[in-house]
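Each ligand, and each atom within it, is numbered from 1 in the order the structure gives. Keep in mind that this is a model prediction, so the values were computed, not measured.
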Amino acid sequence: MKDKRYNAVVTGVGMYVPERIYDNSYFEKIVDTSDEWIRTRTGIRERRILENGGTSVLATKAAEDLLKSKNLSPEEIDVIIVATVTPDMFFPATACLVQDNLGAKKAWGFDVSAACSGFLFAFQTGCSLVESGNYKKVLVIGADKMSSIVDYTDRNNCILFGDAGAAVLIEPTDDKKLGLQDSLLRCDGSGKDVLYMKGGGSANPPTHETVDQKMHVLFQDGKAVFKVAVKGMADISYDLMKKNNLSSDDIAYLVPHQANLRIIDATAERMGITREKVMINIDKYGNTTAATIPLCLVEYYRDGKIRKGDKLILASFGAGFTWGASFLVWGMD
Ligand code: UT7
């Protein structure tokens, strides 16, 4: 990574998951599936569903949790970046809604659309703002209300997703050994035909036909995505470790996007990282798209499992395709 004025370090975390739980037995009642199939093929046992409101509710509550735990005033926040593919609406950006909900009167902000890699892309962006010395407190939130774009008659996909929001605060430090050290991020739009939601945008504005053709719900060719996800996530994580002279022994945790436990295991195996050093909570929340990685960070940190100085590799793969890995040294006691 190029010379920078400061390092960008995570100094606060927050999360929100809705109370309503859909466990696997719920899906046994609405589609032709079984708890056994879902658990063994995906690792998911249950997921949370937001009943009222949009993604801004998830993002705001995660940010409020962070501010409360840091005893921080919303007016101290300089920038709010929300990673999401389920914004409340096309515009205004969900970041603006969060700004207003929080009363973050001195902040500017915007949304990042990079699907399951949204958090990593937003995190890199937020860190760059801090590294330049121009901004001191940047809130990066990953939040998705996937239940708003899931077709609950499609057994291939409806069992996979859940709703959640999680946030990190990024601040500058002079200690170059802490915080974001390096990232490798990629996108490849040739993946657009296997994971998408085609309706509602400028190419296919909403009409009765687009609704009838189910163009306003997510489509995924799971098998096609599975193969590229394992290779994409493992290769880029391996390249990042090599570039930074890291062996698997140096890594405290791999923090992978939570799409499928089999993808997570295969990625870890290719990196030579054992299960104990992989953050996993897909069993409780399913795939929450932009929220999975920060949700893992919050839970593991609050459980006392991450310590200052721990080396983490954050890795993701998602629609676009988008994928990447970031090398982060944890900076909080
Ligand atoms: O987060 C963004 C990136 N997304 C991903 O990384 C997801 C990648 N893909 C996956 O995680 C997996 O491909 C899935 C979990 C989506 C599917 O698992 P799979 O092992 O690839 O299953 P499959 O699609 O090959 O389907 C195997 C069988 C099929 O039946 P036949 O054709 O063999 O008779 C499916 O129809 O399983 C059937 N099936 C189901 N059976 C029971 C598909 N969904 C279900 C279901 N319950 N919910």
Element-labelled atoms of ligand 1 that are located less than 4.0 Å from some non-hydrogen atom of [X]:
| X | answer |
| --- | --- |
| N260 | 10 (C), 11 (O), 12 (C), 15 (C) |
| R262 | 18 (O), 19 (P), 20 (O) |
| A259 | 1 (O), 5 (C), 6 (O) |
| T42 | 15 (C) |
| Q220 | 3 (C), 4 (N), 5 (C), 7 (C) |

Specify whether Y301 and W330 have parallel, tilted or perpendicular ring planes, treating 30° as the upper limit for parallel and 60° as the lower limit for perpendicular.
tilted
Just say parallel, tilted or perpendicular for the rings of F317 and F321, cut-offs at 30° and 60°.
tilted
The closest protein heavy-atom partner of atom 43 (C) of ligand 1 is N156 OD1, 3.1 Å
Does K277 form a side chain to side chain donor-acceptor pair (under 3.5 Å) with S248? I'd like the steps, not just the answer.
CA-CA 10 Å; K277 298 213 288 185; S248 51; over 6 Å; no
Cation-pi, Y196 ring and K198 (6.0 angstrom, 45 degrees):
yes
So, the side chain of N101 versus the backbone of L97: is there a donor-acceptor pair under 3.5 Å, distance only?
yes
Which bit of T33 gets closer than 4.0 Å to ligand 1, counting heavy atoms only: side chain, backbone, both or neither?
both
